[in-house]
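Structure first, commentary second.
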Amino acid sequence: MKHYTNIKDISNLTDTIKEAILLKMNPYEFSDLGQHKTLVMLFFNASLRTRLSTEKAAKNLGMNVMILNVNDAWNLEFEDGTIMNANTSEHIKEAAQVISQYADVIAVRAFPSLTDKLKDESELVMNSFMTHATVPIINMESATAHPLQALADAITISELTEKAKPKVVLSWAPHPKALPQAVANSFVEMMQSMAIDLTITHPEGYELSEAITKNTPVIYDQNEALKDADFVYVKNWSSYKDYGKVLNQDENWMMTKAKLGHAKFMHCLPVRRNVVVEDAVLDSEQSVVIQQANNRTFAAQIVLKQILEEL
Amino acid sequence: MKHYTNIKDISNLTDTIKEAILLKMNPYEFSDLGQHKTLVMLFFNASLRTRLSTEKAAKNLGMNVMILNVNDAWNLEFEDGTIMNANTSEHIKEAAQVISQYADVIAVRAFPSLTDKLKDESELVMNSFMTHATVPIINMESATAHPLQALADAITISELTEKAKPKVVLSWAPHPKALPQAVANSFVEMMQSMAIDLTITHPEGYELSEAITKNTPVIYDQNEALKDADFVYVKNWSSYKDYGKVLNQDENWMMTKAKLGHAKFMHCLPVRRNVVVEDAVLDSEQSVVIQQANNRTFAAQIVLKQILEEL
Amino acid sequence: MKHYTNIKDISNLTDTIKEAILLKMNPYEFSDLGQHKTLVMLFFNASLRTRLSTEKAAKNLGMNVMILNVNDAWNLEFEDGTIMNANTSEHIKEAAQVISQYADVIAVRAFPSLTDKLKDESELVMNSFMTHATVPIINMESATAHPLQALADAITISELTEKAKPKVVLSWAPHPKALPQAVANSFVEMMQSMAIDLTITHPEGYELSEAITKNTPVIYDQNEALKDADFVYVKNWSSYKDYGKVLNQDENWMMTKAKLGHAKFMHCLPVRRNVVVEDAVLDSEQSVVIQQANNRTFAAQIVLKQILEEL
């Protein structure tokens, strides 16, 4: 693997998932692989799970880890040709090349503005690192994608499914704040790559990009969509059409035990209890969110392993 | 040791102190014990000594250390059943379970509000981690206790005392801000567990919880209390009765060379010079505050060692 | 080496540069030297390169690294005899002694006020650490000096020069903010210590301290100064005479391809494109800023190595 900024960077998904599950059974098996290799983790945004699980994964492989909250340094410039006499002190051209000399792999988290759709879709930050860095880049959630989360989700479903082709439903949920589409986008793409029967349900106006959903059925009636589901992935996102807007906070879209049926409940976390999903679901055996979060370590670890093997 | 949130978690104090002093002589003796073990340190509040000494202690034992300033992530919810549509993004139920999967031990610093006595005394944050985490918890100063500091203090007195039963005085000092009772509480409890003649002195209104002081003599006359002291531990705390209030800033309570007599001067640091204690004391041979701070490493290290041995 | 707060702490510059270049070829050769040794890095100010390269250097030598953004803890007091009843919670006397017990080497970054010349020139923070700490101190940029940068610059020129005595020009550049003289000061002192023909050029009013420039020629006509230069080091600084003031933002002082001639372009970074230097220079083969930044690692590593060897 050269970079991991998109789930398409995985060359053989089935094998990758299998290998991740083996790593989980024996996390220190390759603890020499990362010797004298350094992961630099750059955060433009807050993180709890991603930060801890990715650092853990790198250390399981014997890597050194250096973490920088970029906002603790100064603002980076991403536009070409700017006269930098305002708020940005360093251009990504220098920053990415410089950090590449201290790092063998760079992991980046950079959320979208949710105000400028074109700019967000251009993935300016992630692509600038890809262009100017001279080492592999890992996406720790960008404007439009969260491929480490999607890989952890794929591992979790693979571990838990009792069917050759389970029914998975991605169900929108209400939330007080405008959130990115990144998790939903990568989850949809990941499910499309697997032997999964995927259905999406959300209120009208919350359609994801057609470049993402493609032929995946979208059903506006949540109850109909949830019928006979084996896994229900609940997630809020803000409107893509009316970009970044919160159009709907209808509590009826909250996931409940009654709606869930016999399905496993999935969420990427953090999750707002009794807004996105009721306590009764999260506190039941059907919730697999803790297992998903654990698999974040092994998603990151298999990605780092595949990258280190090609360095 | 299962957890270390309270000095009562130490099963054999005398042996623990002896073993800490041995560790200090040979800090890397058990540097294999922590191999492939991870300490996650979570800070809800600022730290200098606790952060550096606990990280050092863990690394002396060969552990990996991951540090998260929780405020750099987002606000956690600690109440049950809340509809989380306001300022908290993740419930401690998820956070504690998730972090437990990345950590073999979790250390937490969470100060009191000093406005809500009942809530502070309930130790909501520390107890929530105890309840929901699935790994041992270490208290790096909670609402009402600072047991790592108290253990370092016990080690220091054990190293320095020339008597079988030294006289130790806990002497309140003025301070411009309202500070927790945590250090004083744990120090009193620790001294009560040792062969120590403990006296407490403070202005009226600054009585600590009776659940802490028990039969320990409290003398309002500082000079009388200090008579023939071998060790004087100086510390400010805000009122417990008139909860969290600064009732008194009387400079006469500041510790001076004259008052100290021949006693050793102790303080947990940070200390405000010429407010809590005059320069002449801190700059004299009688001050053992630097030795106390050094013992923070070995207090943390013996606690981590005892926890790792039972994992 | 005992400390590295000033380039004068290097006893044999030629050998040090040679050894740094050897380390660059084999960075893990001395990875046992730092075993069980801890570097504590203390940041009073923001950092990107210095933080990552110094941490990398220490880890290349097998050291443990602990990093503290001091502002995440509390304000330190540096004045003697103060009644600390205001904004400072801990005196440097305690802090430096305490941290020395957790560290084998302490590295400090502390920028100048740019408002109080006498105080800045007294190097209060760095000298207080020197006075009160009991372990070696490394300057990661202080009020008046940036010796790790200057050493990286010396390494870079040594690697690249094709002449026994190259002509090096330090050329002031405009900048929207008031910046310290530290980089320029240490660069000038470093060049004076080498077989270098150094010229300084800047607008009138931007004269550096005479204690720094000594006999180095200062030419106010930039074009004349740049004539036949082999290396041009561009850097903004605020006025030293009219202390901390921005007297001039004349765009004509920006470095351009035309002015640069055949010289190599140097800058310590971060650099504001099209303010300090035009894109055409930075994007050309003549720019060696990325190589300079890489050499920050080996400057820090040779300094740490020489310090560790004398511990």
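The sequence lines fix the lettering, A, B, ..., with proteins before strands; numbering per chain opens at 1.
At most 12 heavy atoms of other shown residues, nucleotides or ligands fall within 6.0 angstrom of atom CD in C:Glu251. For C:Asn26, the CG atom sits in a packed shell: over 12 heavy atoms of surrounding residues, nucleotides or ligands are nearer than 6.0 Å. At most 12 heavy atoms of other shown residues, nucleotides or ligands fall within 6.0 angstrom of atom NZ in C:Lys177.
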Practice task
Begin with the C-alpha distance, continue with both residues' side-chain angles, and end with the deciding distance and a verdict on side-chain contact (heavy atoms from CB on, under 4.5 Å) for A:Tyr102 and C:Arg49.
Solution key: CA-CA 9 Å; A:Tyr102 310 144; C:Arg49 255 162 301 283; 3.3 Å; yes

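With hydrogens and angles disregarded, no donor-acceptor distance shorter than 3.5 Å links the side chain of A:Gln101 to the backbone of C:Ala293.
There is no contact between A:Ser100 and chain C, counting heavy-atom distances below 4.5 Å.
When the heavy atoms of residues 296-306 of chain C are compared with those of chain A, the residues falling under 4.5 Å are C:Arg296, C:Thr297, listed by number. Within residues 52-83 of chain A, the residues having any heavy atom under 4.5 Å from a heavy atom of chain C are, by residue number, A:Asn64, A:Val65, A:Met66, A:Ile67, A:Leu68, A:Asp72, A:Ala73, A:Trp74, A:Gly81, A:Thr82, A:Ile83. For residues 266-287 of chain C, a heavy-atom distance under 4.5 Å to chain A picks out C:Leu269, C:Pro270, C:Val271, C:Arg272, C:Arg273, C:Asn274, C:Val275, C:Asp279, C:Leu282, C:Asp283, given by residue number.
With rounding to the nearest 0.5 Å, the separation of CD1 in C:Ile290 from NE2 in A:His132 is 11.0 Å. The CD atom of A:Gln97 sits 12.0 Å away from the CD atom of C:Gln291 when rounded to the nearest 0.5 Å.
C:Glu159 meets the salt bridge (Lys or Arg N to Asp or Glu O under 4.0 Å) test with C:Lys24; sequence neighbours excluded.
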